[in-house]
Number of protein chains: 2
Amino acid sequence: MSAIIRFMNYEQLLRERDLKVTPQRLGILTLMHQSGHISIEDLYEKISRQFSSISLATLYKNVHAMIETALVKEVKIPSMKSKYELIKAPHAHLLCTQCGSFEDVSVPMEQIEAMLPHGVHFKTTESSLVFSGICETCQKG
Amino acid sequence: MSAIIRFMNYEQLLRERDLKVTPQRLGILTLMHQSGHISIEDLYEKISRQFSSISLATLYKNVHAMIETALVKEVKIPSMKSKYELIKAPHAHLLCTQCGSFEDVSVPMEQIEAMLPHGVHFKTTESSLVFSGICETCQKG
DNA sequence: AGCTAAGTGAGAAAAGTTATCCTTAAAAAC
DNA sequence: GTTTTTAAGGATAACTTTTCTCACTTAGCT
Ligand SMILES: [Mn+2]
Ligand SMILES: [Mn+2]
Ligand SMILES: [Zn+2]
Ligand SMILES: [Zn+2]
């Protein structure tokens, strides 16, 4: 039910971008939503369970099409492979260097963009911020 | 002359890390310093002029050794290949999406690290911040 | 100068990504 | 609803990037 609603949203998001709605694409979007952030490798492993014959080429082609149409974003992470996420409101990320957890964190990006030194005339359109360190769980453990 | 002084510094930096001082390594460090930020590809192209027989394997091995010993840092950049730089004081980066220029910018990283929401107990050890947008030159042109 | 561990270079191998080509299926037209 | 059109999927080859292996050389030490 909520799955149906979600699928319909994905269908709409794809149609708005002139991308055909295919089961593979719905699967990719669903997995990205569920995982929050997912690497190509993990995405392939998971989607292969649903579509045992899906080709890696299909996966790459789709992820790129979705990036080009601003549906998905690549997140580059220090010392690990990129992960992909559905585009949403600007936010930063927390990477735990101990357990590898990778999470969203709400940070006022506009405020950060306002912190460029006076005299630097750069028109920022987007910014990428990743904090690396130790997560709460690892601090306790 | 200033080249000699620089080389001596690099020698010391290598020795402190128990890395043998080789002409290839001095060349790599010199190029990184000159370029500020350089991709593996460009580094290989440039260093090949000095050491026509240098192997890509040597380049990769050295860059990794220097990363592991905290002499060099990989900078991941949205929608382009990573660049490498000599480690220095924490700073952020400006990427011009029009001309591709990539530069350091001085930003108080500790202050930014203090902007995590209250209730988020993450112990940040390092953070990576890249502003994407239009540089001053491109704004004028 | 001689010894030893580390580094270099060449090429093979592996990993990651993209291109090609034919088949299949979604969307549009009828 | 059926036909037509076009985009997408799948298999595989090709290409790019990175790592590995191994024989040889060199730096650092005595
Ligand atoms: Mn995120
Ligand atoms: Mn820098
Ligand atoms: Zn952790
Ligand atoms: Zn520019």
Side-chain angles (χ1 to χ4, degrees), chain A residues 7-8 10-31 38-69 71-72 74-84, chain B residues 7-31 38-69 71-84:
Chain A
F7 263 35
M8 296 202 58
Y10 292 148
E11 290 186 21
Q12 193 186 332
L13 291 172
L14 288 169
R15 289 215 179 86
E16 283 167 3
R17 290 164 175 77
D18 294 311
L19 297 175
K20 285 188 181 176
V21 176
T22 68
Q24 290 88 343
R25 284 176 174 166
L26 294 174
I28 289 170
L29 292 171
T30 303
L31 281 173
I38 192 165
S39 67
I40 287 278
E41 196 183 355
D42 289 355
L43 189 48
Y44 185 60
E45 195 251 311
K46 288 193 175 154
I47 196 126
S48 294
R49 294 184 201 156
Q50 298 173 53
F51 303 93
S52 55
S53 74
I54 197 172
S55 168
L56 250 181
T58 299
L59 190 51
Y60 278 107
K61 278 184 288 193
N62 279 325
V63 169
H64 287 152
M66 290 170 184
I67 288 173
E68 272 156 27
T69 56
L71 184 49
V72 163
E74 175 177 8
V75 187
K76 296 225 179 179
I77 312 172
S79 56
M80 36 167 83
K81 298 218 176 83
S82 290
K83 292 183 190 284
Y84 299 84
Chain B
F7 264 33
M8 297 203 55
N9 288 341
Y10 292 149
E11 290 186 21
Q12 193 186 333
L13 291 171
L14 289 168
R15 289 214 179 86
E16 283 167 3
R17 290 164 174 77
D18 294 310
L19 297 174
K20 285 189 178 173
V21 176
T22 67
Q24 291 87 344
R25 283 176 176 168
L26 294 175
I28 290 171
L29 292 171
T30 303
L31 282 173
I38 191 165
S39 67
I40 287 278
E41 195 183 356
D42 289 355
L43 190 48
Y44 184 59
E45 195 251 311
K46 287 193 175 157
I47 195 126
S48 294
R49 293 183 200 157
Q50 297 173 53
F51 304 92
S52 55
S53 73
I54 197 172
S55 169
L56 254 179
T58 299
L59 190 52
Y60 277 106
K61 277 184 288 195
N62 280 326
V63 170
H64 287 153
M66 290 172 183
I67 288 173
E68 271 156 28
T69 56
L71 185 49
V72 163
K73 210 176 122 158
E74 176 178 9
V75 187
K76 296 225 178 178
I77 312 172
S79 55
M80 35 168 84
K81 297 219 176 82
S82 290
K83 291 183 189 286
Y84 299 84

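Everything numeric here is computed off the predicted structure, so don't read it as measured data. By convention in this document, chain letters (A, B, ...) are assigned in the order of the sequence lines, proteins followed by strands, and residues within each chain are numbered from 1. All heavy atoms count here, side chains included; hydrogens, waters and symmetry mates do not.
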Taking side-chain contact (heavy atoms from CB on, under 4.5 Å) as the test, write out the residues that go with [X], two or more places apart.
X     : result
B:A57 : B:S55, B:K61
B:K83 : B:H37, B:I77, B:M80, B:F102
A:P23 : A:F51

Check your understanding: How sharply is the helix from C:dA1-D:dT30 to C:dC30-D:dG1 bent, taking the axes over five pairs at either end and rounding to 10 degrees?
Key -> 40°

Review point. Does some side-chain heavy atom of A:L14 sit less than 4.5 Å from a side-chain heavy atom of A:L71?
Key: yes

Point to revise | Contact boundaries on DNA chain C for chain B, cut-off under 4.0 Å to non-hydrogen atoms | key: C:dA5 to C:dG11

Check your understanding: Under the salt bridge (Lys or Arg N to Asp or Glu O under 4.0 Å) rule, what pairs show up with a residue in residues 17-27 of chain A, not counting sequence neighbours?
Key -> none

Practice item. Output all residues satisfying salt bridge (Lys or Arg N to Asp or Glu O under 4.0 Å) with B:E45, sequence neighbours left out; order by chain, then residue number. Key: B:R49

Review point. Residues two or more places apart in sequence or in another chain: which of them pass salt bridge (Lys or Arg N to Asp or Glu O under 4.0 Å) with B:K76?
Key: none

Review point. How would nucleotides 5-17 of chain D be written as a contact map, 5' to 3', with B for base contact, S for sugar-phosphate-only contact and - for no contact, using protein heavy atoms under 4.0 Å?
Key: -BBSBBBB----S

**Study point:** A:S48: side chain to side chain donor-acceptor pair (under 3.5 Å) partners, not counting sequence neighbours
**Key:** none

Exercise for review: Can you sort out the partners of B:E74 under side chain to side chain donor-acceptor pair (under 3.5 Å), two or more places apart, ordered by chain and number?
Suggested key: B:S82

Check your understanding: Atom CG of B:L19 and atom CD of B:E11: how far apart are they, to the nearest 0.5 Å?
Key -> 13.0 Å

Exercise for review: Check whether any side-chain N or O of B:R15 sits under 4.0 Å from OP1 or OP2 of D:dG28, and answer yes or no.
Suggested key: yes

